[in-house]
S.K.: 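Before anything else, here's the structure in question.
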Amino acid sequence: MLGRVPLFNELPAADLEPIARGTNEVVAGRGDIIFRRGDPCVGFHVVVEGQVKLVFVSASGVERVVRLIGPGDGFGEALMFMGQRYIVTAQALQDSRLLHVGRDALFAQIDRHPEVARKMLAGLSRRLYTLMGDVEAYTLQTGAQRLVSFLLHHWPGQVGEPFRIEISKSVIASRLNLTPEHFSRVLRELSERDLIRVRGREFTVLDADGLKNYRA
């Protein structure tokens, strides 16, 4: 499994052995908490199968989804390097399998193979770039524009062909910084204009140009 992780896929099996000895497999059922805000961060996770959400949870229990993580993607590296505790809670959205790579084993391998550090820096840089895009969207785009961008990102490109987004609407709304009411209102507006069709988690783009040029 480690050999399939992009971070380590160029390392020979012999060099993966020390990392494997410091790695634990984590199996999480849908809804299981992987870690909570305030827990110590002594390594980082990689999703092998399934999907995980990272959330801020307010004192009143309100969630704000800050990131959705799928197979091949990792999380927790920055806090691991900083020696800080987790600042978010991680929860499985689906039955998931993860790897938890221990800090000590990883640091020892970085000393031996600097290319691992370069890959980690590249991954963290991509994440920072995505974060800046999120800030720009929250600042300059309307909620409707954010939802349209999200749909187009997941759309496979075939007009009239249904596609599924295996995330609940409440999670999508939170990820896009929308209230459930605003999210539902935009979906209804897009449907009434015959730009999309929505059936549960199944979406169909009916008018691609109209959707791309939509203005609330």
Side-chain angles (χ1 to χ4, degrees), residues 1-57 63 65-82 84-110 112-131 134 150 153-154 156 163-168 170-172 174-175 201:
M1 282 189 279
L2 273 177
R4 296 198 299 269
V5 174
L7 181 61
F8 302 124
N9 60 10
E10 294 179 8
L11 292 181
D15 291 331
L16 283 175
E17 283 297 329
I19 301 177
R21 286 195 293 270
T23 297
N24 295 313
E25 184 180 358
V26 179
V27 177
R30 179 180 177 182
D32 286 354
I33 299 296
I34 298 164
F35 57 75
R36 297 184 184 276
R37 177 187 176 101
D39 288 348
C41 179
V42 293
F44 79 102
H45 289 84
V46 178
V47 176
V48 178
E49 301 169 358
Q51 190 172 49
V52 173
K53 66 177 179 179
L54 301 184
V55 298
F56 288 117
V57 182
E63 284 189 357
V65 178
V66 294
R67 192 172 163 221
L68 299 171
I69 303 158
D73 203 1
F75 56 100
E77 304 98 315
L79 293 171
M80 175 191 69
F81 280 118
M82 296 168 63
Q84 299 293 317
R85 294 178 178 270
Y86 290 114
I87 59 174
V88 294
T89 294
Q91 184 178 26
L93 286 172
Q94 306 168 5
D95 292 345
S96 301
R97 183 188 303 251
L98 306 93
L99 298 176
H100 180 262
V101 182
R103 178 178 57 200
D104 293 342
L106 179 64
F107 283 4
Q109 198 66 343
I110 285 175
R112 290 189 290 269
H113 295 279
E115 65 270 21
V116 174
R118 288 196 293 270
K119 280 192 173 185
M120 297 193 80
L121 283 172
L124 289 170
S125 297
R126 284 193 298 271
R127 204 164 302 154
L128 178 60
Y129 183 81
T130 300
L131 177 62
D134 288 345
F150 180 87
H153 176 74
H154 286 81
F163 63 98
R164 286 181 64 84
I165 299 178
E166 297 295 346
I167 311 170
S168 70
S170 62
V171 170
I172 297 174
S174 179
R175 179 65 185 90
R201 296 189 181 185

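Quick note: numbers below take in every heavy atom, side chains included, and nothing from hydrogens, waters or symmetry partners. Residue numbers run from 1 in the order of the sequence given.
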S.K.: In Å, rounded to the nearest 0.5 Å, how long is the span from CZ of Arg118 to CD1 of Ile110?
M.R.: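 Reported to 0.5 Å precision, the distance equals 11.5 Å.
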
S.K.: Any pair with a residue in residues 14-33 that passes ring-ring contact (aromatic ring centres under 6.0 Å, His included), sequence neighbours left out, goes on the list, sorted by first then second residue, please.
M.R.: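 Sorted result for residues 14-33: empty, none.
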
S.K.: Taking atom CD1 of Ile69 and atom CG of Leu54, what is their separation to the nearest 0.5 Å?
M.R.: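 Rounded to the nearest 0.5 Å, the CD1-CG separation comes to 3.5 Å.
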
S.K.: Quick one: list whatever passes side-chain contact (heavy atoms from CB on, under 4.5 Å) with Ala105, sequence neighbours left out.
M.R.: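 Ala105 satisfies side-chain contact (heavy atoms from CB on, under 4.5 Å) with no residue once adjacent residues are dropped.
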
S.K.: Please report, to 0.1 Å, the donor-acceptor pairs under 3.5 Å made by any side chain of residues 37-51, with sequence neighbours excluded.
M.R.:
{"unit_1": "Arg37", "atom_1": "NH1", "unit_2": "Ile87", "atom_2": "O", "d": "2.7"}
{"unit_1": "Asp39", "atom_1": "OD2", "unit_2": "Arg36", "atom_2": "N", "d": "2.8"}

S.K.: Mind listing the closest non-hydrogen atom pair of Ala90 and Val52 along with its distance?
M.R.: CB-CG1, 4.1 Å

S.K.: Could you note down all residue pairs passing side chain to side chain donor-acceptor pair (under 3.5 Å) where residues 11-29 supplies at least one of them, sequence neighbours left out?
M.R.: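 Listed by first then second residue: Asp15-His113, Glu25-Arg97.
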
S.K.: Taking only residues two or more places apart in sequence or in another chain, which ones pass side-chain hydrogen bond (donor to acceptor under 3.5 Å, both in side chains) with Arg164?
M.R.: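 With neighbours one apart ignored, the set is Glu166.
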
S.K.: How long is the gap from CD1 on Ile172 to NE2 on His154, to the nearest 0.5 Å?
M.R.: 7.0 Å

S.K.: Any side-chain heavy atom of Arg112 sitting closer than 4.5 Å to one from Pro18?
M.R.: yes

S.K.: Let me confirm one number: the CD-CD distance from Glu115 to Gln109, rounded to the nearest 0.5 Å.
M.R.: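 Nearest 0.5 Å value for the CD-CD distance: 8.5 Å.
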
S.K.: Please identify each residue that fulfils salt bridge (charged side-chain N to carboxylate O under 4.0 Å, His left out) with Arg103, with sequence neighbours left out.
M.R.: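 Once residues adjacent in sequence are excluded, Arg103 has no partner under the salt bridge (charged side-chain N to carboxylate O under 4.0 Å, His left out) criterion.
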
S.K.: For Ser168, give me all partners under side-chain contact (heavy atoms from CB on, under 4.5 Å), at least two apart in sequence or on another chain.
M.R.: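 Ser170, Val171, Arg201.
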
S.K.: Let me check something: any side-chain donor-acceptor pairs from residues 72-82 under 3.5 Å, sequence neighbours excluded? List them with distances.
M.R.:
{"unit_1": "Asp73", "atom_1": "OD1", "unit_2": "Arg67", "atom_2": "NH2", "d": "3.2"}
{"unit_1": "Asp73", "atom_1": "OD2", "unit_2": "Arg67", "atom_2": "NH2", "d": "2.8"}
{"unit_1": "Glu77", "atom_1": "OE1", "unit_2": "Arg127", "atom_2": "NH1", "d": "2.9"}
{"unit_1": "Glu77", "atom_1": "OE2", "unit_2": "Arg127", "atom_2": "NH2", "d": "3.3"}

S.K.: Between atom CG of Leu2 and atom CD1 of Ile19, what is the distance when rounded to the nearest 0.5 Å?
M.R.: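 It is 6.5 Å, given to the nearest 0.5 Å.
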
S.K.: Has the side chain of Asp95 got a donor or acceptor atom that lies under 3.5 Å from a matching backbone atom of Arg30?
M.R.: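 Yes, the answer is positive, given that a donor and an acceptor are paired below the 3.5 Å cut-off.
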
S.K.: For the side-chain contact (heavy atoms from CB on, under 4.5 Å) test, which of Leu16, Leu99, Leu98 pairs with Met1?
M.R.: Leu99

